[in-house]
Amino acid sequence: MKTPKKEVLIGLCAVMALAVLYFGIEFLKGVNIFKPANYYYASYTDVAGLQKSAPVTVNGFKVGQVREISYEYDNPGHVRVELSLDRELRLPVGTKAVIEQDLLGTSTVVLRMGSSKDFHEIGHRLEGETAQGLMGSVSEQLMPSVSAIFPKIDSLVTALNTLVRDPALSSSVKRLDDITLSLNSTMKQLNATARQLDPVMKNVNGITGNVNTITADLTQVSGKLAQLPVDSLMNNIMALSGNLRALSEELDNPESTIGALTHDRALYNNLNNAAASLDSLLIDVKKNPKRYISIKLL
């Protein structure tokens, strides 16, 4: 009996669809089923959230991925991880498969190559190791310091409570309030004084203008004085001073004409006698005018 062509076509389409689905899922997982690979195994007590298809790297370069993760029921407490690695990669004896986490918590497998010249056979079990995450190392480093700080914080809080309850602090705060009020009052007085100083400053500005005017006038006077014939005036004063000095010397010298007049005592006495006689004559003229004046009437 012949199979209908329609059923064969439907069966082939179903097979092809399943094949495409399988290959698509594997491709999305990052598995290249057409590329040959070698398989190795590693056992861990903690896989730190490692997922299937997680990358396997060497020196930051991806050389494979996690193929399968399963619990080892025959070895309680351990998890078996199957690694799919490039066929060209050869692992020296002593190579470790270390699970590491990045800042986002994504786990990857890092191969730390051994130094041996011998190589693991395909399918051998590698030494598994779980590295401490970044947050775990930070916690491990910080927790001792934080634990040491806690007693100090407790002491500090106790000291602060004691300080807050101290009456001296309350009185100090009140004094600060009083000082603040005093400062506010002082600032108000300063503002009032500044307002009163405004007219004074205007007067000062006016006085400054007057002083500037006076300074300008003095400058002009100084210029005019500078234009005067000071040299000739000083020469005249010096000549006058010389003449006065010579006259003084003549008066002091009894041998000179003027000196003889000033030093002759007899001349002085005669002048006094003449003045006295003249005075007596004037008195007699007043008493007896007819004796000296005769008036004849025609």
Side-chain angles (χ1 to χ4, degrees), residues 44-62 66 69 77 79 96 98-110 112 128-228 230:
Y44 303 91
T45 57
D46 184 6
V47 294
L50 186 68
Q51 300 292 329
K52 291 182 180 180
S53 301
V56 179
T57 62
V58 175
N59 298 330
F61 181 78
K62 183 179 179 181
V66 176
I69 300 176
V79 178
K96 295 182 179 180
V98 182
I99 297 177
E100 294 184 355
Q101 285 184 327
D102 57 14
L103 291 175
L104 299 178
T106 303
S107 298
T108 59
V109 178
V110 178
R112 295 180 181 176
E129 181 179 329
T130 303
Q132 190 174 24
L134 179 61
M135 296 304 296
S137 60
V138 170
S139 300
E140 183 178 355
Q141 294 176 3
L142 290 181
M143 284 308 296
S145 300
V146 173
S147 300
I149 290 173
F150 279 149
K152 297 180 180 179
I153 294 176
D154 189 22
S155 301
L156 180 60
V157 171
T158 303
L160 287 175
N161 290 331
T162 304
L163 180 61
V164 170
R165 294 172 184 172
D166 192 354
L169 181 61
S170 300
S171 61
S172 299
V173 173
K174 291 181 180 178
R175 291 177 182 176
L176 288 175
D177 292 338
D178 296 337
I179 292 172
T180 303
L181 293 175
S182 300
L183 288 175
N184 290 331
S185 177
T186 303
M187 291 302 297
K188 291 180 180 178
Q189 293 177 0
L190 287 174
N191 292 330
T193 304
R195 287 193 295 270
Q196 294 176 359
L197 286 175
D198 288 338
V200 177
M201 292 304 297
K202 292 180 180 178
N203 294 332
V204 170
N205 293 330
I207 293 171
T208 303
N210 295 331
V211 170
N212 292 332
T213 303
I214 293 171
T215 303
D217 294 339
L218 289 175
T219 303
Q220 294 179 359
V221 172
S222 177
K224 292 180 179 179
L225 289 176
Q227 296 175 358
L228 292 176
V230 178

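Note that this is a predicted model, so its numbers are computed, not measured. This chain uses plain numbering: 1 for the first residue, then up along the sequence. Only heavy atoms go into these numbers, but all of them, side chains included; no hydrogens, no water, no symmetry mates.
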When rounded to the nearest 0.5 angstrom, what distance separates [atom1] in [X] from [atom2] in [Y]?
X: Thr219; Y: Ile214; atom1: OG1; atom2: CD1; result: 11.5 Å
X: Thr213; Y: Leu218; atom1: OG1; atom2: CG; result: 11.0 Å
X: Leu183; Y: Lys188; atom1: CG; atom2: NZ; result: 12.5 Å
X: Arg112; Y: Lys96; atom1: CZ; atom2: NZ; result: 7.5 Å

Q) Which heavy-atom pair separates Gln51 from Ile69 by the least distance, and what is that distance? A)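 Of all heavy-atom pairs spanning Gln51 and Ile69, the closest is C-CD1, 3.8 Å.
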**Q.** Val66 and Val109: CA distance, side-chain angles, deciding distance, side-chain contact (heavy atoms from CB on, under 4.5 Å) verdict
**A.** CA-CA 8 Å; Val66 176; Val109 178; 4.0 Å; yes
Q: Report yes or no: does Ser185 contribute a side-chain atom to a donor-acceptor pair with the main-chain N or O of Leu181 at less than 3.5 Å?
A: no
Q) Counting only N and O atoms by type, is there a donor-acceptor contact under 3.5 Å from the side chain of Thr106 to the main-chain atoms of Asp102? A) no
Q: Using the test side chain to side chain contact (heavy atoms under 4.5 Å, CB included), find all partners of Ser107 that sit at least two apart in sequence or belong to another chain.
A: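 With neighbours one apart ignored, the set is Ala48, Leu50, Ile99, Gln101.
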Q. Which residues pass the side chain to side chain contact (heavy atoms under 4.5 Å, CB included) test with Arg195, sequence neighbours left out?
A. Asn191, Ala192
Q.
With a 4.5 Å cut-off on side-chain heavy atoms, are Tyr44 and Val47 touching?
A.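 Heavy-atom side-chain distance check passes, below 4.5 Å.
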Q) For atom CG of Asn59, is the number of surrounding heavy atoms from other residues, nucleotides or ligands below 6.0 Å larger than 12? A) no
